A.B. asks: 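Have a look at this one before I ask anything.
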Amino acid sequence: MAIPLVLVVLPLGLLFLLSGLIVNAVQAVLFVSIRPLSKSLYRRINRFLAELLWLQLIWLVDWWAGVKLIRSIKLRNPKSVSLHFGREHAFIISNHRSDIDWLIGWILAQRSGCLGSTLAIMKKSSKFLPVIGWSMWFAEYLFLERSWAKDENTLKGFVSAVSIMRDFVPAIYDTTVVIPKDSPAPTMLRILKGQSSVVHVCIKRHAMIDMPKSDEDVSKWCQDIFVAKDALLDKHIATGSFDEEIRPIGRPIKSLVVVLAWSCLLLYGTYRFLQWTQLLSTWKGIILFVAGLGLVTGILHVFIMFLQSERSSSARAARNRVKKGLRDSQFVT
């Protein structure tokens, strides 16, 4: 049975916003104090901090809504992804099909043990989103205008990253996300209501040593991957499957532990704050408290609306987009 949204938004919104603001504050201090001295140390600490925030969203998908991720392995050696998945760092390249595709990328990164080390390409306006956007900015995400004329230099940075990381990132995971016809799309609203969905993820592993050597060839390789990806989407829409080996993706307990820990900490902190201020002992305090809850509800509404993503189009439209400009894509490492 669907849960009334307001009963979910308020407690979960307070949990996410308060914990997020704490994480953002610590990130800001580290940015001005540690990063100028050692980017490596800053990034190691920031990895831990980012996980404390981002795992809450993964918990929503995994434990609250119970979204079922079905992994289809598509590669020359069917055992390759299974042998390496969760045991190596990798680039994850994904399409966009729903509101939570970026969360699917995070889930895959978390399964690989490198959620806090993710590097994603997001819409430029995302960095202005309170808490989550700020954490992405501190995590040094790349932000794009979704216009090739404006983003070409930034994407040459991705090509350079491939070249730089050849020696220590062993693989690129080409992931294709699709929602089966008989399953509702996993929107943020459905997830907050605790309504499950099914997501099929096709994963193809490309060894980094097999990547093209020149920048131009790497760029062409990326474009070709997304043309093939849209063709694969059309195949799934027509047949209902990827015609590959299917395995469910489990839900590790780490995100549940993080949410429980934050809940206990903030409940205790809120109790002591209300006890100290006696905020609820006067009508004025009660009005301020209710107004605060309304503000949280409004912020969460903006957050949900902001996460409405653009859908990928058909393979034919995708080929035209490749000729004209920037792809709708997501990169995670």
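One is the number of the first residue; the rest follow in order along the sequence. Computed from heavy atoms alone, side chains included, the values below leave out hydrogens, waters and symmetry copies. Note that the structure is a prediction, hence the values are computed from the model and not measured.
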A.B. asks: Which value, rounded to the nearest 0.5 Å, describes the distance between His200 atom NE2 and Thr176 atom OG1?
C.D. replies: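 Those atoms lie 13.0 Å apart.
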A.B. asks: In this structure, which one of Asp174, Asp234, Asp224 forms a side chain to side chain donor-acceptor pair (under 3.5 Å) with Lys229?
C.D. replies: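 Of the listed residues Asp174, Asp234, Asp224, the side chain to side chain donor-acceptor pair (under 3.5 Å) partner of Lys229 is Asp174.
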A.B. asks: Tell me which donor-acceptor pairs under 3.5 Å the side chains of residues 208-215 have, and how far apart each pair is, sequence neighbours excluded?
C.D. replies:
residue: Ser214; atom: OG; partner: Asp217; partner atom: N; Å: 3.2
residue: Ser214; atom: OG; partner: Asp217; partner atom: OD2; Å: 2.9

A.B. asks: Check Lys193 against Trp64 and note the closest heavy-atom contact, atom names and distance.
C.D. replies: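 Nearest heavy atoms, Lys193 then Trp64: C-NE1, 4.1 Å.
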A.B. asks: Do Leu55 and Leu57 come close enough that some side-chain heavy atom pair is under 4.5 Å?
C.D. replies: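 The answer is no, as the side chains (C-beta and beyond) never meet within the 4.5 Å cut-off.
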A.B. asks: For the pair Arg190 (side chain) and Ser196 (backbone), establish whether a donor and an acceptor sit closer than 3.5 Å, ignoring hydrogens and angles.
C.D. replies: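 Yes.
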A.B. asks: For His206, check ring pair (Phe, Tyr, Trp, His ring centres under 6.0 Å) against everything at least two apart and list the hits.
C.D. replies: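 Result, ring pair (Phe, Tyr, Trp, His ring centres under 6.0 Å) vs His206: Trp221.
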A.B. asks: For the residue pair Ile225 and Cys222, establish whether any side-chain heavy-atom pair is separated by less than 4.5 Å.
C.D. replies: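 The answer is no, as the side chains (C-beta and beyond) never meet within the 4.5 Å cut-off.
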A.B. asks: Mark yes when over 12 heavy atoms from residues, nucleotides or ligands other than Ile253 sit less than 6.0 Å from its CD1; otherwise mark no.
C.D. replies: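 It does not: Ile253 CD1 has 12 such atoms or fewer within range.
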A.B. asks: Looking only at heavy atoms, what is the nearest atom pair of Ala171 and Tyr173, with distance?
C.D. replies: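 Scanning both residues completely, I find the closest heavy atoms to be CB-CE2, 4.0 Å.
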A.B. asks: What distance do Thr270 atom OG1 and Leu279 atom CG have between them, rounded to the nearest 0.5 Å?
C.D. replies: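 It comes to 11.0 Å.
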A.B. asks: Using distance only, find each side-chain donor-acceptor pair of residues 259-268 under 3.5 Å and give its atom names and separation, not counting sequence neighbours.
C.D. replies:
residue: Trp262; atom: NE1; partner: Leu52; partner atom: O; Å: 2.9
residue: Ser263; atom: OG; partner: Val259; partner atom: O; Å: 2.7
residue: Tyr268; atom: OH; partner: Arg272; partner atom: NH1; Å: 2.9

A.B. asks: Any side-chain heavy-atom pair from Val199 and Lys68 closer than 4.5 angstrom?
C.D. replies: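 Counting from C-beta outward, Val199 and Lys68 never come under 4.5 Å.
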A.B. asks: So, Gln56 versus Ser19: side-chain donor-acceptor pair below 3.5 Å or not?
C.D. replies: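 Ser19 and Gln56 do have a side-chain donor-acceptor pair below 3.5 Å.
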A.B. asks: Any chain of hydrophobic side-chain contacts (each under 4.5 Å) joining Leu30 to Leu37?
C.D. replies: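 Looking at the clustering, Leu37 is in a separate group from Leu30.
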A.B. asks: Indicate if Ile45 and Val32 have the same hydrophobic cluster label, given that clusters are the connected sets of ILVMFWY residues with side-chain heavy-atom separations under 4.5 angstrom.
C.D. replies: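 Yes, it is one cluster - the side chains of Ile45 and Val32 are joined through contacts under 4.5 Å.
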A.B. asks: Applying the side chain to side chain contact (heavy atoms under 4.5 Å, CB included) criterion to Ile104, which one of Val177, Thr175, Ile58 satisfies it?
C.D. replies: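 Exactly one candidate clears the test, Val177.
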A.B. asks: Go through Leu14 and Leu293 one step at a time and tell me if the side-chain contact (heavy atoms from CB on, under 4.5 Å) criterion holds.
C.D. replies: CA-CA 8 Å; Leu14 282 171; Leu293 294 180; 3.7 Å; yes
A.B. asks: Starting at CG of Leu53, measure out to CD1 of Ile132 and round the result to the nearest 0.5 Å.
C.D. replies: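 Rounded to the nearest 0.5 Å, the CG-CD1 separation comes out at 5.0 Å.
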A.B. asks: Looking only at non-hydrogen atoms, find the nearest pair between Pro184 and Ser197 and report the distance.
C.D. replies: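 Closest approach of Pro184 to Ser197, heavy atoms only: O-OG, 3.1 Å.
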A.B. asks: Which distance, rounded to the nearest 0.5 Å, do you find between the CD1 of Ile287 and the OG1 of Thr282?
C.D. replies: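 Separation between the atoms: 8.5 Å.
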A.B. asks: Could you give the distance from CG (Leu12) to CD1 (Ile191), rounded to the nearest 0.5 Å?
C.D. replies: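 Answer rounded to 0.5 Å: 12.0 Å.
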A.B. asks: Is the distance between the ring centroids of Trp137 and Phe31 under 6.0 Å?
C.D. replies: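 For Trp137 and Phe31, the ring centres are under 6.0 Å apart.
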A.B. asks: Does the Trp59 side chain pair with the main chain of Val258, one donor and one acceptor, at a distance under 3.5 Å?
C.D. replies: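 Not confirmed, Trp59 side chain does not pair with Val258 backbone.
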A.B. asks: Would you say Phe273 and Leu21 are hydrophobically clustered, going by side-chain heavy atoms of ILVMFWY under 4.5 Å?
C.D. replies: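 Phe273 clusters together with Leu21.
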A.B. asks: Is it the case that atom CD in Gln278 sees more than 12 heavy atoms from other parts of the structure closer than 6.0 Å?
C.D. replies: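 No.
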A.B. asks: Could you check whether any side-chain heavy atom of Val23 comes within less than 4.5 Å of a side-chain heavy atom of Val26, counting everything from C-beta outward?
C.D. replies: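 Not in contact.
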A.B. asks: What are the two closest heavy atoms between Ile179 and Ser183, and how far apart are they?
C.D. replies: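 Answer, listing the atom of Ile179 first, then Ser183: CG2-O, 3.5 Å.
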A.B. asks: Out of curiosity, Phe16 CZ to Leu60 CG, how far, rounded to the nearest 0.5 Å?
C.D. replies: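 That separation rounds to 8.5 Å.
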A.B. asks: Could you check whether any side-chain N or O of Arg251 sits under 3.5 Å from a backbone N or O of Asp62, counting only pairs where one atom can act as donor and the other as acceptor?
C.D. replies: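 At least one qualifying donor-acceptor pair exists.
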A.B. asks: Honestly curious: do Trp283 and Phe289 fall in one hydrophobic cluster under the side-chain, below-4.5 Å linking rule?
C.D. replies: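 Hydrophobic grouping puts Trp283 with Phe289.
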A.B. asks: If hydrophobic clusters are built by linking Ile, Leu, Val, Met, Phe, Trp and Tyr wherever their side-chain heavy atoms come under 4.5 Å apart, do Tyr271 and Leu274 end up in the same one?
C.D. replies: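 Shared cluster, no.
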